[in-house]
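Letters A, B, ... mirror the listed sequences (proteins, then strands); counts begin at 1.
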Number of protein chains: 2
Amino acid sequence: MNPDLPNSPVPEPVSQTGLTSSASYTQSNLAQSATQLAPTFSPLYQQIKALITQSLQSGEWKPGELIPSEVELAVRFKVSQGTVRKAIDELSAENLVVRRQGKGTFVATHHEARAQFRFLRLKPDVGIQQYPNNRFVEVKRIRAPAEIAKLLDIKVGDSVVYIRRVQSFDGVPTILEDLWLPGAIFKGLTADLLNEYKGPMYALFETEFGTHMIRASEQLRAVAADAVAAELLKIDIGSPLLNVERVSYTYGDKPVEFRRGLYLTLNHHYQNELS
Amino acid sequence: MNPDLPNSPVPEPVSQTGLTSSASYTQSNLAQSATQLAPTFSPLYQQIKALITQSLQSGEWKPGELIPSEVELAVRFKVSQGTVRKAIDELSAENLVVRRQGKGTFVATHHEARAQFRFLRLKPDVGIQQYPNNRFVEVKRIRAPAEIAKLLDIKVGDSVVYIRRVQSFDGVPTILEDLWLPGAIFKGLTADLLNEYKGPMYALFETEFGTHMIRASEQLRAVAADAVAAELLKIDIGSPLLNVERVSYTYGDKPVEFRRGLYLTLNHHYQNELS
DNA sequence: TAGTGGTCTAGACCACGCT
DNA sequence: GCGTGGTCTAGACCACTAG
């Protein structure tokens, strides 16, 4: 399969010329594009995984689309199907792609039903999870304050889209959320666009702005409601609220959203599984 | 290797001598399950995984111990090493075992350093995570109330161990926690034992009571401090606290602990990664 | 029937930890 | 040097989907 790999664990013996100086360490032909230093050993399937991730990032395969079959990718990358499989296994575990037996492997999308609540951990104490009603209180462009700039990895003063919304379950205001998005990416984002769109915000971001969220990091605290929160959530000042701050990342671990949510947890709770 | 298998992924066809009734205990399990394709098809590696899990549950291999090598297990179960590998891969992903290249595969334990904070998601806002100081306020045996009995899957009125403790970071009381444990399992659990022991409670449970926690489910809320919590945490009544309720499970998804923690989140936060 | 992912096997060599 | 887990390959067959 790879008759010209000097040192990879392929069946074929080395033979060939005296390239053995580099023999004890790394690479296959794959990594030659990147400058390769000695002690960085990376398994083949990790390199394949990186290449596939690049194709996802570059938009060669878009969310919801079918990617080439394992056999095709094996041919393209000149490795065995098993190696491609292991790479895709990890991408699947990280929710970057979704495998469907008999059909193929698809790029993950926030449009499909099973992803609707992927990042919303607030569940009702009784009954099943419903999709909330959205009311957008404010949408405007501002200059990034220092704190926001740092979290989004942009410059202080850069344009950011600021959004304030209230989410209700069964007509009960439950979440007050402030969001900050890099203005450079979310150019045409307006209140109208947000109001028209029904469904998860991340699905809209994906379709309208080509930005797919792949993971997020949250920090939770208990806080007391201030006057603004109290009014918007129709509760008393000082009521305990669950403060959830989130940074979301797209391909390449690039931060593209910061949000601060205040969750009313009288009839809901934040669910988390530890393992 | 198996040139004559018509439709079963199992190596040996059942057959063989009639004297293998004992020897075929595991074997027949495997063959049988794999043979009844119609109603429930379970891959071989899943069956192997179940068998290994049984050995963990039965105590054949105890926390911290080395389990047989992949080759040995492959021989024992009469499957290929690759199949055993896939089974162990999943067990490793679920943190039931820990693989160490060059050494072997070990049963996971709460004693090792890397597991110290596995179930404690409260992190300091600045600095690195420290292990808290424990003060046990109360340890006693009570009759299980309905709510507790339901969560622990025991009968109302059964004996349960009730524990109240305060955990401090750098001398600052930060966590007030109530715990309920099935009395039948935690027989000799006393305040003295808890006070003597330094380190994670789950490590003590493992060593003293043979109960290893493998996963947990948490529900979070924001609440206001009542008089008792205020006094023990040295804060004002009504201060917002993060209420964390947890059910922990041992092998076989058996619930063996319920706890309710009140976290002071002025200088700490609950960290969670979404993916 | 064809194509895809899913499972299983067998054998090779690599990286690591210990003796 | 040896045994362990880790990587890679090759080929077979199974399960699922769709034309």
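- With ring centers used as reference points, A/H212 lies 6.0 Å or more from A/Y202.
- Among the atoms of the strands shown, base atoms are found under 4.0 Å from some heavy atom of A/R85.
- When distances are taken from the side chain of B/P43 to each of D/dC16, D/dT7, C/dT7, the shortest belongs to C/dT7.
- Rounded to an integer number of Å, the gap from CD of A/E70 to C1' of D/dG11 is 15 Å.
- Close to D/dT7, at under 4.0 Å from its OP1 or OP2, lies a side-chain N or O of A/K86.
- The phosphate of C/dG6 (OP1 or OP2) has a side-chain N or O of A/R99 nearer than 4.0 angstrom.
- Judged by the 6.0 Å distance and 45° axis criteria, A/R100 is positioned over the aromatic ring of A/F106.
- Taking only side-chain nitrogens and oxygens, B/T105 comes nearer than 4.0 Å to OP1 or OP2 of D/dG5.
- When each of A/R100 and B/Q46 is assigned the nucleotide of DNA chain C bearing its nearest heavy atom, the one mapping closer to the 5' terminus is A/R100.
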Worksheet, complete the sentence: Here DNA chain D, pairs taken as Watson-Crick or G-U under 3.5 Å and shown with ( ), [ ] when crossing and | when to another strand, reads ||||||||||||||||||.
Worksheet item: Are B/F205 and B/H110 close enough, and set up right, to give a ring pair (Phe, Tyr, Trp, His ring centres under 6.0 Å), and what steps lead you there?
Response: CA-CA 9 Å; B/F205 290 173; B/H110 289 282; 9.4 Å; no
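- Between B/S69 and the phosphate of D/dG3, there is no side-chain N or O to OP1/OP2 separation shorter than 4.0 Å.
- Counting only heavy atoms from C-beta on, B/V79 has its side chain closest to C/dT9 among C/dT9, D/dA15, D/dA10.
- If you take CD of B/Q81 and C1' of C/dA12, they are 12 Å apart, rounded to a whole angstrom.
- Ion pair B/E245/B/R259 not flagged as a salt bridge, since none of the NZ, NE, NH1 or NH2 atoms sits closer than 4.0 Å to an Asp/Glu carboxylate oxygen.
- The backbone N or O of A/S275 sits less than 3.5 Å from a side-chain atom of B/N95, completing a donor-acceptor pair.
- Toward the 5' end of DNA chain D, the nearer of the two residues A/Y45 and B/L66, judged by each one's closest nucleotide, is B/L66.
- Side-chain proximity of B/K103 to the nucleotides C/dG17, C/dG6, C/dT7 is greatest for C/dG17.
- Side chain of B/T207 to backbone of B/L204: no donor-acceptor contact under 3.5 angstrom is found.
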